[in-house]
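So the structure is just underneath, and the comments pick up after that.
Letters A, B, ... mirror the listed sequences (proteins, then strands); counts begin at 1.
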Amino acid sequence: MLDLKFIRENRKAIEEMLEKRGINLPLQKFYELDEKRRNLLKKIEELRAKRNKTSDLIGKLKREGKDTSALIEEMKEVSKTIKFMEEDLDKTEEKLSNFLLIIPNIPHSSVPIGEDAEDNCEIRRVGEKPEFSFEPKPHWEIGKKLGILDFERATKIAGARFPLYIGAGAKLERALINFMLDIHTKEKGYIEVLPPFIANKESLIGTGNLPKFEYDLFKLRGYDWYLIPTAEVPLTNIFRDEILKEDELPKRFVSYTPCFRKEAGSYGKDVKGLIRQHQFNKVELMTFSLPENSYEELERLTTDAEEILKRLGLHYRVVVLCTGDLGFASAKTYDLEVWMPHRKDYVEISSCSNFEDFQARRANIRFKRKNKSKPEFVHTLNGSGLAIGRTVSAILENFQQEDGSVVIPKALRPYMDGLEKIEPLKT
RNA sequence: GGAGGAGUGGCCGAGUGGCUUAAGGCGGCGGUCUCGAAAACCGCUAUCCCGAUUAUGUCGGGAUCGCGAGUUCGAAUCUCGCCUCCUCCGCCA
């Protein structure tokens with residue numbers, strides 16, 4: 001959410017931002033609502049001031065035993081008028097805040113202007129593409145041959161787009177979770193959090209998932225509860241409606257959670273394998289930062305996520321999203337894209353974003369500087385560190401051998417009881 | 001799921017319709033005193049919105065006593081609904 005005053009006073013900047021993002025909003029309506037609200041508020045507050053004064057007077061006169069019936073009659077009318085106007089104000093404010101909630105964040109000046117993913121800019125490539133003396137297979141075929149992935153039976157249990165890991169596959173998933181959590185907590189100083197996997201409406205409004213993206217969320221029938229689409233939701237809302245102290249910042253958290261997404265509108269896309277699932281595991285990094293340090297923090301968070309790929313020996317590249325591809329709440333986003341040999345392309349495995357004060361304003365997360373009276377909004381950042389299912393796919397495809405086995409990356413072996421290779425099932 | 005109790009400022013805690021500008025205390029900040037500190041004393045002490053103001057503040061007004069509605073000229077106080085916490089019973093990993 002942007003600052004109402006900022007929108008009011010910087011109409012041009014808002015129009016330019018929407019243009020860059022390729023979004024059309026009836027802004028004129030917004031400015032009309034804003035003006036209506038202020039006019040109504042002014043009148044109502046004048047009447048309330050009058051009522052407050054007169055009610056005090058009535059109290060005094062009554063104590064003196066004087067007649068107050070004329071004043072009471074007058075105030076009855078005033079109260080009726082106030083109530084009537086308040087109804088109008090409530091409606092206006094609701095419309096205004098609904099509008100405010102669908103205005104996207106302003107991209108940082110360093111974000112390239114572009115229409116879609118085609119215009120994203122590559123920042124760097126790390127590692128080498130693996131070379132194969134044979135045609136590399138897709139990870140779902142490898143997983144099936146190894147007996148560690150069973151999508152058919154997952155369909156029986158739940159439906160399409162659900163994972164079922166068995167044996168070494170389940171262990172690999174768990175090993176990756178522990179491997180990532182250990183690096184981030186022991187080496188990078190993040191505090192581990194295990195949050196609820198269900199969040200309420202307020203929390204999802206705080207991060208920007210609601211009201212605009214409800215279609216991608218699983219809602220619990222009969223409750224105002226949603227399955228979390230990412231740990232970003234519970235983590236960001238830890239400090240909702242709180243005022244932190246300056247010296248508490250930055251606060252860095254890491255969290256393993258499953259993530260639940262409807263993936264509505266992606267029918268026919270990535271239908272096979274682990275890439276796009278209704279349920280997947282993720283280790284998420286999250287930082288609450290001082291505003292002046294948040295871009296430094298974004299670089300840090302991104303390199304902390306990259307560290308995992310480096311240690312696993314996976315080739316990847318870092319891209320900065322252009323204005324047209326940038327998420328609704330984000331001011332700047334780096335995607336980490338891992339090399340997938342079967343697809344012969346890079347696939348997003350992490351998305352690291354600085355939301356500046358956009359989420360903090362929605363979720364009302366502030367901090368107070370020493371010797372300063374006014375609280376300010378914190379900056380929030382998060383990034384996957386990493387998406388586990390996609391990491392499994394990348395490992396299976398990048399480290400597959402001609403005989404159908406898959407070599408476990410060295411760094412991961414301590415988490416796999418020393419296992420060096422997953423061998424295909426004997427048939 | 002059933003029965004009862006509670007929710008007031010950073011914290012504790014008083015307040016059962018107007019005399020509350022939310023008492024009092026603790027903590028915190030500033031000051032007096034001191035070589036310095038402690039003690040004592042004095043002052044300050046939240047957040048949001050609207051308006052004014054050559055302005056990171058000040059002034060005026062409005063709102064906020066868990067949240068939301070209602071009664072009333074007037075609500076922290078009365079009524080209803082919801083949320084959270086505590087105690088007990090039942091069920092349960």
N/O donor-acceptor pairs under 3.5 Å from side chains in residues 243-251 of chain A, not counting sequence neighbours:
from: E246(A); atom 1: OE1; to: K370(A); atom 2: N; distance (Å): 3.1
from: E248(A); atom 1: OE2; to: K245(A); atom 2: N; distance (Å): 2.6

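- Across the C1' atoms, A37(B) and A52(B) are found 46 Å apart, a figure rounded to whole Å.
- Between E77(A) and K80(A) there is a salt bridge, since a side-chain N of the basic residue sits under 4.0 Å from a carboxylate O of the acidic one.
- Sorted by first and then second residue, the pairs that involve residues 217-235 of chain A and meet salt bridge (charged side-chain N to carboxylate O under 4.0 Å, His left out), not counting sequence neighbours, are K219(A)-D224(A).
- With distances taken from any side-chain atom of N52(A) to the nucleotides G61(B), C19(B), A63(B), the minimum falls on A63(B).
- Spacing between U64(B) and U77(B) at atom P, rounded to whole Å, works out to 10 Å.
- For the P atom pair drawn from G30(B) and C83(B), the interatomic distance equals 45 Å after rounding to whole Å.
- Here salt bridge (charged side-chain N to carboxylate O under 4.0 Å, His left out) pairs that include residues 149-169 of chain A, with residues two or more places apart or in two chains, are K144(A)-E152(A), D150(A)-R153(A).
- Residue pairs that meet the salt bridge (charged side-chain N to carboxylate O under 4.0 Å, His left out) test with at least one member in residues 375-386 of chain A, sequence neighbours left out, are R369(A)-E376(A).
- Among the heavy atoms of the strands lying under 4.0 Å from K368(A) are primed sugar atoms or P, OP1, OP2 only; no base atom is included.
- Side-chain contact between L396(A) and L146(A) is present, with heavy atoms from C-beta onward closer than 4.5 Å.
- Atoms CD (E86(A)) and P (G62(B)) sit 14 Å apart, rounded to a whole Å.
- Look at E16(A) and K12(A) and you find no salt bridge, because none of the NZ, NE, NH1 or NH2 atoms lies under 4.0 Å from a carboxylate O.
- Taking every heavy atom of residues 3-10 of chain A and every atom of RNA chain B, pairs under 4.0 Å involve K5(A), R8(A), by number.
- Listed by chain and number, the residues in a salt bridge (Lys or Arg N to Asp or Glu O under 4.0 Å) with E306(A) are R124(A) (sequence neighbours excluded).
- Among the protein residues, R366(A) comes within range of the sugar-phosphate backbone only, with heavy atoms under 4.0 Å from sugar or phosphate atoms but none that close to a base.
- For R413(A), the salt bridge (Lys or Arg N to Asp or Glu O under 4.0 Å) test picks out no residue, with sequence neighbours left out.
- Taking the C1' atom of each, C91(B) and G68(B) are spaced 32 Å apart, rounded to whole Å.
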Which pairs, protein N/O on one side and nucleotides 52-59 of chain B N/O on the other, fall under 3.5 Å?
from: U56(B); atom 1: O2; to: K372(A); atom 2: NZ; distance (Å): 3.4

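- A straight line from CD of E93(A) to P of U64(B) spans 13 Å, rounded to a whole angstrom.
- Of the candidates A63(B), U47(B), C50(B), the closest approach to any side-chain atom of P375(A) belongs to U47(B).
- Listed by chain and number, the residues in a salt bridge (Lys or Arg N to Asp or Glu O under 4.0 Å) with E93(A) are R37(A) (sequence neighbours excluded).
- A salt bridge links E297(A) with R252(A): the distance from a Lys NZ or Arg NE/NH1/NH2 to an Asp or Glu carboxylate oxygen falls below 4.0 Å.
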Annotated protein contacts, base or backbone, on nucleotides 67-75 of chain B with a non-hydrogen cut-off under 4.0 Å, one of B, S, - each:
---SS-BS-
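- A gap of 42 Å separates the P atoms of G28(B) and C89(B), to the nearest Å.
- Comparing the P positions of G10(B) and C86(B) gives a spacing of 22 Å, expressed to the nearest Å.
- Taking the P atoms as reference points, U79(B) lies 24 Å from U20(B), given to the whole Å.
- In this entry the distance linking CZ of R48(A) with P of G51(B) reads 15 Å, nearest Å.
- Closest approach of I395(A) to P409(A), counting heavy atoms only: CG2-CD, 4.0 Å.
- When each of K60(A) and R38(A) is assigned the nucleotide of RNA chain B bearing its nearest heavy atom, the one mapping closer to the 5' terminus is K60(A).
- Spacing between atom CZ of R361(A) and atom P of C48(B) amounts to 12 Å, rounded to whole angstrom units.
- Here the nucleotide nearest the side chain of A49(A), chosen from C19(B), A46(B), G62(B), is G62(B).
- The separation between I82(A) atom CD1 and G61(B) atom P is 16 Å, rounded to whole Å.
- Sorted by first then second residue, the side-chain hydrogen bond (donor to acceptor under 3.5 Å, both in side chains) pairs that include residues 415-424 of chain A, not counting sequence neighbours, are K171(A)-D417(A), D182(A)-Y415(A).
- Within the shown strands, nothing qualifies as a pairing partner of C91(B) under the Watson-Crick or G-U definition with both distances less than 3.5 Å.
- Base pairing analysis places A76(B) opposite nothing; no Watson-Crick or G-U wobble pair with both distances below 3.5 Å involves it.
- The CD-C1' distance, from E46(A) to C49(B), rounds to 15 Å in whole Å.
- Searching all strands for a Watson-Crick or G-U wobble partner of G17(B) with both distances below 3.5 Å returns nothing.
- Heavy-atom nearest nucleotides on RNA chain B were determined for R37(A) and for E45(A), and the one closer to the 5' end corresponds to R37(A).
- Of the nucleotides present, A46(B) is the one that pairs with U64(B) by Watson-Crick or G-U wobble criteria, both distances under 3.5 Å.
- If you take CG of L96(A) and C1' of C49(B), they are 12 Å apart, rounded to a whole angstrom.
- Comparing C65(B) with U84(B), their C1' atoms sit 16 Å apart, to the nearest whole Å.
- The nucleotide C35(B) finds no pairing partner, because no Watson-Crick or G-U wobble arrangement with both distances shorter than 3.5 Å includes it.
- Checking G57(B) for Watson-Crick or G-U wobble geometry (two distances, each under 3.5 Å) identifies U53(B) as its partner.
- Scored by the salt bridge (Lys or Arg N to Asp or Glu O under 4.0 Å) test, R21(A) finds no partners at all (sequence neighbours excluded).
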